[in-house]
Amino acid sequence: MLNKNILKIDKVNAFSSASAYVREYRQQHPERDVISLGIGDVSKPVVKPVIEAMHKAVDDLSDMSTFSGYGNYYGIPELRKAILDNEYIRYGFTTEEIYVSDGTKSDCTNLLELFDVNSRILLRNPTYPIYRNAAFALSREVYYTELDENFRMIVPDEHYDIIFICSPCNPVGTAMDYTELTGWVNYALKENACIIFDNVYRAFVSSPDVPESIYEIPGARKCAIELRSFSKTASFTGLRCSYFVLPKEIDSVLFKERTINRFNGASYVAQKGAVAVFLPESQKLIKENIRLYKENISYLRTSFEELGFEVTGGIDSPYIWVKNREDISSFDYFRKILNSINVIIVPGAIFGSKGEGYFRVSGLGTIENSRIAMERFRKYYEEKN
Ligand code: PLP
């Protein structure tokens, strides 16, 4: 008997269906210069000190005196220590509470296995679709928070067991400030719930009132697991390496047991590269890449606003969330924009029913492409008006 819950995943309003449409369009019109403002992937290569560390790691594997094999289920000690020393020692954690993995996408699903199958899972709508799809595939019940007019999640009156919070948020591009996050931590403490705090875009934060980590909020270590990734910050989207903090107050036994039986650890080469991410010379180059992405999203935000669009986000994340200017579905708008001006945007419906009427734009591409794309948008609306 197969797991039919996987079929609950919406395949019509999915990234894959938008990608299939783009693929077909490109095949039919090879002469057209299609520009993507939709990409969630990066446009800057892995920085040189990280590449050099990975070359060295490959050589380690050629000699049994430096070879690394099975056994590092939760990450090589050197990487767990580098993560702790650079990011989490200030909150009083130990290496035992740091877990390295092969991507936050997998972590979002894997962590659900720590909790009872009857746990009630609370998400925002629109949401990063993986939280929802992971829950469906593992037969967990999903509920959605109400949002206020600024797309902020409203703390509910009812009980939920697990709350996924993505901040800075994909797709709406905003980040929770201290007050908002404190509200959620207090809710979780009161309800004995757990927050899975997806903080993969933390490097994009510039607002002073946005906490760098959920553990800046008193009591969070009793109720929050924080996820981070090397994907967007250090261009590890293809390399695959992520990490999370699972405080001992929540669990120090079950997830380790689960992992030993399910996962043989992230790639040694990727992990050695990740250690080098923390070198000062890497950090300098990575910060410059982030600065360019932020400049790009800021340009896109201003350009859409100048064209009369309602725009959210883009200050503390690489994404903006834009309201359609035409009264058609988000997939129809996506198709229309692709066909009319050869620009790819991400239809809001991919992120949930409340994403209908919106589209997501990414600043992870290049500013040169953004300029061309916005010029096309400008002409398109000039001709329409
Ligand atoms: N979490 C969010 C909110 C994301 O937007 C993404 C990727 O787009 C991920 C997690 C996936 O990260 P990783 O590449 O580490 O699997």
Side-chain angles (χ1 to χ4, degrees), residues 14-16 18-19 36-44 46 50 75 79 83 87 98-112 121 123-135 151 153 162-176 195-205 210 213-214 224-245 263 265-267 270-271 273-274 277 286 289-290 293 297 312-314 316-321 344-346 348 350-352 355 359-365:
F15 268 115
S16 52
S19 308
S36 179
L37 291 184
I39 55 165
D41 209 337
V42 293
S43 58
K44 309 270 181 283
V46 175
V50 174
L79 179 56
I83 294 166
E87 299 185 354
I98 310 282
Y99 295 70
V100 174
S101 176
D102 62 354
T104 300
K105 189 171 186 174
S106 326
D107 297 336
C108 298
T109 315
N110 295 341
L111 278 164
L112 284 184
I121 300 173
L123 307 178
R124 78 160 61 219
N125 180 2
T127 177
Y128 174 53
I130 299 307
Y131 312 145
R132 178 188 69 208
N133 298 347
F151 298 98
M153 296 163 73
I162 298 168
I163 306 120
F164 274 96
I165 296 181
C166 182
S167 175
C169 178
N170 176 12
V172 300
T174 52
M176 286 192 181
I195 296 173
I196 300 184
F197 188 69
D198 185 339
N199 197 5
V200 300
Y201 296 108
R202 129 203 115 82
F204 295 84
V205 170
V210 172
S213 163
I214 195 166
I225 301 171
E226 178 164 298
L227 285 62
R228 294 186 180 181
S229 172
F230 294 100
S231 284
K232 305 294 163 73
T233 38
S235 299
F236 273 48
T237 49
L239 268 170
R240 314 305 304 140
C241 196
S242 64
Y243 50 106
F244 57 89
V245 178
F263 184 56
S267 147
Q271 290 191 74
V277 164
I286 286 168
N289 286 346
I290 302 285
Y293 291 139
I297 197 66
T312 307
D316 294 308
S317 86
Y319 299 118
I320 52 173
W321 184 242
I344 303 168
I345 51 176
V346 181
I350 282 176
F351 304 98
F359 60 96
R360 193 198 71 181
V361 167
S362 162
L364 294 168

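As a basis for the values below, the full set of heavy atoms in this structure was taken, side chains included, without hydrogen atoms, waters or symmetry mates. Read the numbers this way: they start at 1 and go in the same order the structure lists the ligands and their atoms.
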Just verifying a value: how many Å separate [X] [atom1] and [Y] [atom2], rounded to the nearest 0.5 Å?
{"X": "Arg202", "Y": "Ile214", "atom1": "CZ", "atom2": "CD1", "result": "14.5 Å"}
{"X": "Glu226", "Y": "Ile165", "atom1": "CD", "atom2": "CD1", "result": "11.0 Å"}
{"X": "Lys232", "Y": "Asn289", "atom1": "NZ", "atom2": "CG", "result": "14.5 Å"}
{"X": "Arg240", "Y": "Ser229", "atom1": "CZ", "atom2": "OG", "result": "6.5 Å"}

N/O separation below 3.5 Å, [X] to ligand 1:
{"X": "Lys232", "value": "yes"}
{"X": "Asp198", "value": "yes"}
{"X": "Tyr319", "value": "no"}
{"X": "Thr104", "value": "yes"}

In this structure, does ligand 1 have an atom that sits under 4.0 Å from one of the heavy atoms of [X]?
{"X": "Val200", "answer": "yes"}
{"X": "Tyr201", "answer": "yes"}
{"X": "Cys166", "answer": "yes"}

* Structure fact -> Looking at Tyr131, Tyr128, Tyr243, the heavy atom closest to atom 6 (C) of ligand 1 belongs to Tyr128
* With distance as the sole criterion, is a donor-acceptor pair present between the side chains of Asn170 and Arg360 under 3.5 Å? -> yes
Suppose I only count heavy atoms of [X] and a 4.0 Å limit; which atoms of ligand 1 are within that range?
{"X": "Gly103", "answer": "15 (O), 16 (O)"}
{"X": "Ser229", "answer": "13 (P), 15 (O)"}
{"X": "Asn170", "answer": "3 (C), 4 (C), 5 (O)"}

* Asked: Only one of Tyr319, Tyr293, Tyr128 forms a ring-ring contact (aromatic ring centres under 6.0 Å, His included) with Tyr201, so which one is it?
  -> Tyr319
* List the closest protein heavy-atom neighbour of atom 14 (O) of ligand 1: residue, atom name, distance to the nearest 0.1 Å. => Ser231 OG, 2.6 Å
* **atom 16 (O) of ligand 1: the protein heavy-atom neighbour that sits closest, reported with distance to 0.1 Å** => Arg240 NH2, 2.7 Å
* Which word best sums up how the rings of Phe164 and Tyr131 line up, parallel for under 30°, tilted for 30 to 60°, or perpendicular for over 60°? -> parallel
* Considering all heavy atoms, the nearest Ala203-Ile290 contact -> O-CG2, 3.5 Å
* Least distance between heavy atoms, Ile286 atom then Ala234 atom -> CD1-CB, 4.0 Å
